[in-house]
Asker: 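I am attaching a structure below and will ask some questions about it afterwards.
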Amino acid sequence: MFSAEDHAHMAHALRLAERGLGTATPNPRVGCVLVREGRVVGEGWHERAGGPHAEVHALRAAGAAARGATAYVTLEPCSHHGRTPPCAHALIDAGVARVVAAMADPNPVVAGRGLELLTLAGVRVEAGLLEAAARELNIGFVSRMSRGRPWVRVKTAASLDGKTALLNGESKWITGEAARADVHRWRARACALLTGVGTVLSDDPQMNVRGVETPRQPLKVVVDSRLRTPPGAKVLQGGGALLVCQDADAAADRLEALLRAGATVLELPGPGGRPDLALLMEELARRGVNEVHAEAGMGLNGALLQAGLVDEWLAYLAPVVMGHAARGLFDLPELADMAGRRALRLMDARQVGDDLRLTLRPA
């Protein structure tokens with residue numbers, strides 16, 4: 001169905017789409033390549049929400065050469081008026097003869113309507129070329145549109161014996177500089193960074209992106225049942241941090257100071273005196289969060305896993321041993337038998353500096 005030339009041009013479009021990895025949110029990352037008589041006449045990618053879509057950038061670059069061309073787009077062209085006009089209409093008006101889309105848009109507002117508009121206008125439409133790669137690139141957007149919650153990626157840094165900190169809480173540094181820089185690249189693509197109040201109290205993390213060029217910082221989210229975050233905590237610097245608690249009235253003496261420090265407080269009562277993590281994910285989705293990057297202690301890590309909210313696990317392993325008394329990765333109930341094991345699929349394994357990074361997903 002698709003030629004080698006089709007594959008090459010769609011791969012090019014996907015590389016363009018990757019340029020919006022840390023900027024397109026909450027919109028999907030999209031690339032477009034216009035080809036006429038075997039020559040690229042225009043290309044573009046979606047740089048940021050509210051700005052022109054990939055197809056518009058490509059059409060502007062092509063000008064009159066777009067007439068009779070093939071458009072390779074990593075996501076179905078939109079069919080509705082949002083902050084920008086529909087891209088399907090722009091392609092039709094420009095006289096594009098063929099559109100090859102990597103995947104259909106999971107957004108219910110589009111969901112095939114863009115391809116249908118093109119077909120009705122006499123444009124030859126084909127879809128499904130390099131679809132798996134296109135879905136991976138927008139895995140958070142797909143999750144938010146299809147499941148109503150973001151894609152949750154948990155990051156851990158541990159010794160070979162699975163320890164994340166000494167018994168006294170000391171954890172700096174288990175992994176090396178290269179692994180820590182790699183983590184910031186993952187942070188930069190996320191829409192929100194999630195941690196727990198225990199990590200805030202023990203490490204006082206900034207929870208931001210550093211050492212990586214980025215036009216924006218992700219939303220900082222702290223799961224803090226009783227609002228124990230100190231008003232002077234680094235995570236509150238710069239404002240905009242979201243503290244998720246069980247009952248704000250029960251911590252009225254601390255609430256006012258946190259609000260003055262720039263925090264936003266969200267009540268999401270859940271079982272066991274802890275905030276409801278599933279409701280938190282639904283709320284983040286409503287706020288346009290596609291990908292959540294969690295860096296927390298064993299308590300929150302375990303709670304996310306038990307709630308079935310971990311979609312991906314970035315496990316950095318350092319070639320060191322820390323001993324049985326050190327802190328582990330996940331706080332989970334003891335298993336009665338091996339049938340209770342949680343199976344994972346190894347998606348990727350690579351060396352980062354002196355450390356090993358494993359990418360895993362639930363089996």
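We number each residue from 1, following the sequence as shown.
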Asker: With a 4.5 Å limit on heavy-atom distance, are the side chains of M10 and V100 in contact?
Answerer: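 Side-chain contact under 4.5 Å: yes.
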Asker: Go through the structure and list residues passing side-chain contact (heavy atoms from CB on, under 4.5 Å) with Q306, not counting sequence neighbours.
Answerer: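 Checked Q306 against side-chain contact (heavy atoms from CB on, under 4.5 Å); matches are L332, P333, R342.
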Asker: So for atom CE, which belongs to M1, do other residues, nucleotides or ligands contribute more than 12 heavy atoms lying within a distance under 6.0 Å?
Answerer: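 Enclosed.
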Asker: Could you tell me which residues satisfy side-chain contact (heavy atoms from CB on, under 4.5 Å) with D348, sequence neighbours excluded, listed by chain and number?
Answerer: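 Per chain and number, D348 pairs via side-chain contact (heavy atoms from CB on, under 4.5 Å) with R350, R357, T359.
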Asker: Any sub-3.5 Å donor-acceptor pair from T25's side-chain atoms to N27's backbone N or O?
Answerer: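 It does not hold such a pair.
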Asker: Are K155 and E295 close enough for a salt bridge, meaning some N to O gap below 4.0 Å?
Answerer: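 Looking at K155 and E295, the cut-off is met.
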Asker: Is any side-chain heavy atom of Y72 closer than 4.5 Å to one of V35?
Answerer: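 Answer yes - side chains close enough.
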Asker: Given side chains that start at C-beta, do those of I92 and L118 come closer than 4.5 Å, heavy atoms only?
Answerer: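 Yes, at least one pair of side-chain atoms sits under 4.5 Å.
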Asker: Using the test salt bridge (Lys or Arg N to Asp or Glu O under 4.0 Å), find all partners of R286 that sit at least two apart in sequence or belong to another chain.
Answerer: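 Only E283 meet the salt bridge (Lys or Arg N to Asp or Glu O under 4.0 Å) criterion with R286.
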Asker: Roughly how far, to the nearest 0.5 Å, is the CG atom of D224 from the CG atom of L201?
Answerer: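 That separation rounds to 7.5 Å.
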Asker: Only counting residues at least two apart or in another chain, list the ones meeting salt bridge (Lys or Arg N to Asp or Glu O under 4.0 Å) with R361.
Answerer: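 Salt bridge (Lys or Arg N to Asp or Glu O under 4.0 Å) list for R361, sorted by chain: E136, E312.
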Asker: Do R274 and L300 have side chains that get closer than 4.5 Å, going by heavy atoms?
Answerer: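 With C-beta onward as the side chain, the pair stays apart.
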Asker: Drop me the distance from L309's CG to M281's CE, to the nearest 0.5 angstrom.
Answerer: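 The CG atom of L309 sits 5.5 Å away from the CE atom of M281.
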Asker: Would you check if the side chain of T264 reaches a backbone N or O of L242 as a donor-acceptor pair within less than 3.5 Å?
Answerer: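 Flag not set: sc T264 to bb L242 has no pair under 3.5 Å.
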Asker: Rounded to the nearest 0.5 Å, how far does CG of L277 lie from CZ of R149?
Answerer: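 If we round to the nearest 0.5 Å, R149:CZ and L277:CG are 11.0 Å apart.
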Asker: Is there a side-chain contact between C32 and H57 (heavy atoms, below 4.5 Å)?
Answerer: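 Heavy-atom side-chain distance check fails, nothing below 4.5 Å.
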Asker: Is it true that atom CZ of R36 has more than 12 heavy atoms of other residues, nucleotides or ligands lying nearer than 6.0 Å?
Answerer: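 Enclosed: over 12 neighbouring heavy atoms sit under 6.0 Å from CZ of R36.
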Asker: If you count heavy atoms of other groups shown closer than 6.0 angstrom to CD of E177, is the number above 12?
Answerer: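 Incorrect, the count does not exceed 12.
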Asker: Check each of R144, R29, R189 against N290 using the side-chain hydrogen bond (donor to acceptor under 3.5 Å, both in side chains) test, and report the only one that passes.
Answerer: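 Exactly one candidate clears the test, R144.
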Asker: When you measure from the side chain of N138 to the backbone of F141, do you find a donor-acceptor pair of N or O atoms at a distance under 3.5 Å?
Answerer: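 Flag not set: sc N138 to bb F141 has no pair under 3.5 Å.
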Asker: Ignoring hydrogens and geometry, is there a side-chain-to-backbone donor-acceptor pair from R153 to R187 under 3.5 Å?
Answerer: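 Absent.
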Asker: Tell me whether H46 contacts the main-chain N or O of P52 through its side chain, where contact means a donor paired with an acceptor under 3.5 Å.
Answerer: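 Yes; at least one donor-acceptor contact below 3.5 Å.
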Asker: Has E76 got a side-chain atom pairing as donor or acceptor with D105's backbone, closer than 3.5 angstrom?
Answerer: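 Pair found, side chain donor or acceptor close to backbone of D105.
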Asker: Please check if the side chain of E47 supplies one atom and the backbone of A54 the other of a donor-acceptor pair under 3.5 Å.
Answerer: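 Checked: no pair found.
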Asker: I'd like to know if the side chain of K220 reaches the main chain of V235, judged simply by a donor and an acceptor atom lying under 3.5 Å from each other, with no hydrogens or angles considered.
Answerer: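 Yes, K220 side chain to V235 backbone: donor-acceptor pair under 3.5 Å.
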Asker: Counting only N and O atoms by type, is there a donor-acceptor contact under 3.5 Å from the side chain of R216 to the main-chain atoms of A188?
Answerer: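 Yes: the side chain of R216 pairs with the backbone of A188.
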Asker: Tell me which pairs pass ring-ring contact (aromatic ring centres under 6.0 Å, His included) where either residue lies in residues 171-195, with sequence neighbours left out.
Answerer: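 Qualifying pairs: none.
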Asker: Give a yes or no answer on whether the side chain of S79 reaches the backbone of V110 with a donor-acceptor pair at less than 3.5 Å.
Answerer: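 Between the backbone of V110 and the side chain of S79 there is no qualifying donor-acceptor contact (under 3.5 Å).
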Asker: Under the side-chain hydrogen bond (donor to acceptor under 3.5 Å, both in side chains) definition, can you give me all pairs with a residue in residues 116-130, not counting sequence neighbours?
Answerer: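 Listed once each, the pairs are R98-E126, R124-E126.
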Asker: Hey, could you give me the CG/CG distance between N301 and D331, rounded to the nearest 0.5 Å?
Answerer: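 Between N301 CG and D331 CG, I get 10.0 Å after rounding to 0.5 Å.
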Asker: Please examine the side chains of V292 and V221, heavy atoms only from C-beta on, and report whether any two atoms are closer than 4.5 Å.
Answerer: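 No, their side chains stay 4.5 Å or more apart.
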